[in-house]
Amino acid sequence: MTALGAVLVDAGGAAAANSEPWYRRTYRWGQTNITEKDPMRYDISWWREFWKRTRVQGVIINAGGIVAYYPSQFPLQHRAEFLGGRDLYGDIAQAAHEDGIVVIARMDSNRTSEDFFQAHPDWFARNSGGNPYRVADKYVACVNGPYYGEYLPSVLTEIIERSHPEGFADNSWSGLGRDSICYCENCARKFRDKAGAALPQKNDWSDPVYRRWIEWSYARRIEIWDLNNRTTKAAGGPDCLWFGMNSGSVSAQSRSFRDCKAIFERAEMVFLDHQSRGTLGFEENADTGKLVHGLLGWDKIAPESMAMYQAGRGTFRVASKPAAEARMWMFEGFAGGIQPWWHHIGAYHEDRRMYHTAEPVMRWHEANQTYLINRRPLATVGVVWSQRNTDFYGQDRAAELVDAPYRGFTASLLRARIPYLPIHIDRVERDGANLKVLILPNVAALSDAQCGAVRKFVANGGALIATGFTSLCNESGDARDDYGLADLFGAHFTGPPGAEHSISSQTLHSYLRLDPELRAGVPGPHIAGEPPIAARRHPVLRGFEETDILPFGGTLTVSRLDTGVMVPLTFIPPFPVLPPETSWMRQPKTDIPGLVLNGRVAFLAADLDRLYSRDNLPDHAALLANLVRWAANGDIPFQLEGRGVFDCSLYTQPGRVIAHVVNLTATGRMPVTDDDLAPSPSLTLGVRLPAGVRARVARMLVTGKTATPVISNGWARVVIPSVLDHEVLVIE
Ligand SMILES: [Zn+2]
């Protein structure tokens, strides 16, 4: 039995019977990430008031690991330098429990001070030279040693017995990252027992032993996850759960051996550590929320640590992030089903502006939480991702080979205001039933079974868009003789060995020819007397009537095509840029296909998704959106009219639809302040109504306005007067 028991006094002070376990009903979180200095200056009564003001229902409190904030019986668990005799963690935990707030004990359990290393030198990770791996003055513990297997479980048990937290979150739980191989005695012995081989000597993706080491390393993290949960449940009861922190970035997860699918599917909730946008836009956070919920389930929660300090481009732990920058990240999180969690580093700040950032957002969240959880997404377009592809095809170039095509395609969907869902490759069969279009953005590594699931989706009437080298490799990243999905594509690989990895990072001076059969490379303007081009061209080329070419930037190799396919785009090989006198096409027309259409299957060998993410050419985004609209054949349940850039997400609850519209028009790639946000003009939103939604009224949860939807042909249309940062429409 935890300290909160079954009757909860919520943060607002009202007693409420609640039979749901804490991890199903704790929607708003706060974390003051305590520094070693803070035992001298942590003002508990001030922070209690702050919890109340920001409506938090759960707090994450530093307990142990690298630094202990309580007087532990384990002498080698380094006590905070200024802890004195204080039990700071215990005092804060007690205050939170008195306020009816859920307590998560925070661990950071992958390093120790030197005295620990001297006492247990065989518990620590070693490089090939036998020297310990160090981060600054700390020593990195090995995941295969007794530190993880015995010591940490006893620390968890001690914390539970002292303070009865509802659960645990661990910051760096997964140990040494993928870039470093540990050669300690424990690793050497365990790997030999498992794989029958010595540890790999270096990172070499072509080495079967290295691949086994990758899989073995993933499996160990899951063992640790399960061990820690057995420990906390045994000591603290069935709802006392342990959670490792996870990133929303799949390639970041890969670098830390965190198996997204295994973790998100076994967890009761997910604590996300993805604190702010990187080089991408705010939309990254909505994508993360949808990706996580796709495996976790939409009935569970995924709170995310959101930095109130300056994080991202340059880190300033004790300076305020611009409020608009922090809030836009939070709003995009809500659009993806993420719950808010303010995060401050340190308990005392001279830059007090950060204390005002979260409060209005948290209060808005509390007032509208009903509409922000337990929703079912309504998108008909799925974008497939696979961590196995990130690892075994992306290898050490995953950002370019895997992330860029995914980001490029989803960015083009955002610009076209087409809601989509990230779909894990092994959930295609389960989730495909609700989808009309499946997009595989350069998902090169696919097993035969995964190809089979895609084939089944198409056989059931689904449309497919595959780009780049999709399905050319097996699940280990080894190239097949032909695309695994060649039968669907109507196209066969005839390129040189290794083509799938020899993608140029440079923007080449190459082009694509539109509808080569019709125009046949005839130069000059439109010929009088001809039927309009728009009437003769394929709909995927809509909007390009005044051009016969498009900039490309990549390269293509010959494919062999089946009969009966259509080829609306062919490759024009690179020609000189400089000097201008030489900028003429040496080979204006080739038979090398850029796009192959076979029924409702589009094979876009010209990887415009990857290139759009790099070069940001609007033509590429427009062509990708055209492909999706053609593939969906009218089955996209959402429209938004009006100028600007908006990220749109659509959900349903019984009797209502919920639409998030986040205004990204002026947010660009630079940090934004309130002054940078630009209110949108009036927008007209259209939603195709699911069965059981009557749409009598549309309420705008941000501005508080209401409107009467206009109903026609099963669609509801609503005029939104303006969106400054975000708007959430509830139509019921
Ligand atoms: Zn080791």
Side-chain angles (χ1 to χ4, degrees), residues 64-67 74 76-78 107-156 168 170-205 207-231 242 244-247 252-259 262-263 387 391-392 395-396:
I66 298 174
V67 175
F74 297 96
L76 290 172
Q77 191 177 203
H78 172 75
M107 303 291 294
D108 198 344
S109 66
N110 77 331
R111 293 165 224 175
T112 76
S113 306
E114 183 166 4
D115 54 346
F116 202 136
F117 170 74
Q118 297 297 351
H120 298 284
D122 53 330
W123 292 14
F124 289 82
R126 305 272 179 168
N127 64 21
S128 56
N131 296 314
Y133 281 104
R134 296 178 63 170
V135 179
D137 63 337
K138 301 285 191 293
Y139 291 73
V140 179
C142 176
V143 293
N144 281 304
Y147 178 89
Y148 281 84
E150 296 159 25
Y151 171 78
L152 272 179
S154 47
V155 171
L156 297 175
F168 288 82
D170 195 323
N171 190 43
S172 307
W173 62 280
S174 50
L176 209 55
R178 192 177 79 186
D179 292 339
S180 308
I181 300 173
C182 177
Y183 295 93
C184 81
E185 287 174 15
N186 290 307
C187 283
R189 177 175 46 80
K190 289 185 176 180
F191 185 72
R192 185 172 291 283
D193 288 350
K194 181 72 183 176
L199 288 159
Q201 288 305 303
K202 59 179 180 7
N203 296 16
D204 176 2
W205 290 93
D207 175 8
V209 174
Y210 181 72
R211 293 176 185 179
R212 293 195 73 170
W213 178 77
I214 292 282
E215 291 175 335
W216 175 76
S217 299
Y218 269 115
R220 177 59 187 156
R221 273 66 179 182
I222 296 301
E223 285 174 9
I224 289 171
W225 187 287
D226 291 343
L227 167 65
N228 287 341
N229 272 287
R230 283 197 305 276
T231 303
W242 177 96
M245 301 284 278
N246 285 282
S247 167
Q253 291 280 94
S254 282
R255 291 192 296 274
S256 301
F257 291 123
R258 298 173 183 178
D259 182 335
I263 292 169
Q387 191 166 356
D391 288 327
F392 289 93
Q395 302 179 359
D396 299 322

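Order of appearance sets the numbers: ligands from 1, and atoms from 1 within every ligand.
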Inset, instruction - Sort out for me which residue in Y218, W173, W225 forms a ring pair (Phe, Tyr, Trp, His ring centres under 6.0 Å) with F257. - result: Y218
Legend entry - Pairs flagged by salt bridge (Lys or Arg N to Asp or Glu O under 4.0 Å) wherever residues 178-195 is involved - sequence neighbours left out: R178-D391, R178-D396
Legend entry - Summary of salt bridge (Lys or Arg N to Asp or Glu O under 4.0 Å) pairs that have at least one residue in residues 108-135, sequence neighbours excluded: R106-D108
Inset, instruction - Quick one: list whatever passes side-chain contact (heavy atoms from CB on, under 4.5 Å) with Q253, sequence neighbours left out. - result: N246, S247, R258, C260, F264, Q387
Inset, instruction - Please report the number of protein N, O or S atoms that lie less than 2.8 Å from the Zn ion (ligand 1). - result: 4
Legend entry - No-hydrogen, no-angle side-chain donor-acceptor test under 3.5 Å, Y151 and T112: no
Inset, instruction - Flag the pair E223 and R220 as a salt bridge only when some basic side-chain nitrogen lies within less than 4.0 angstrom of an acidic carboxylate oxygen. - result: yes
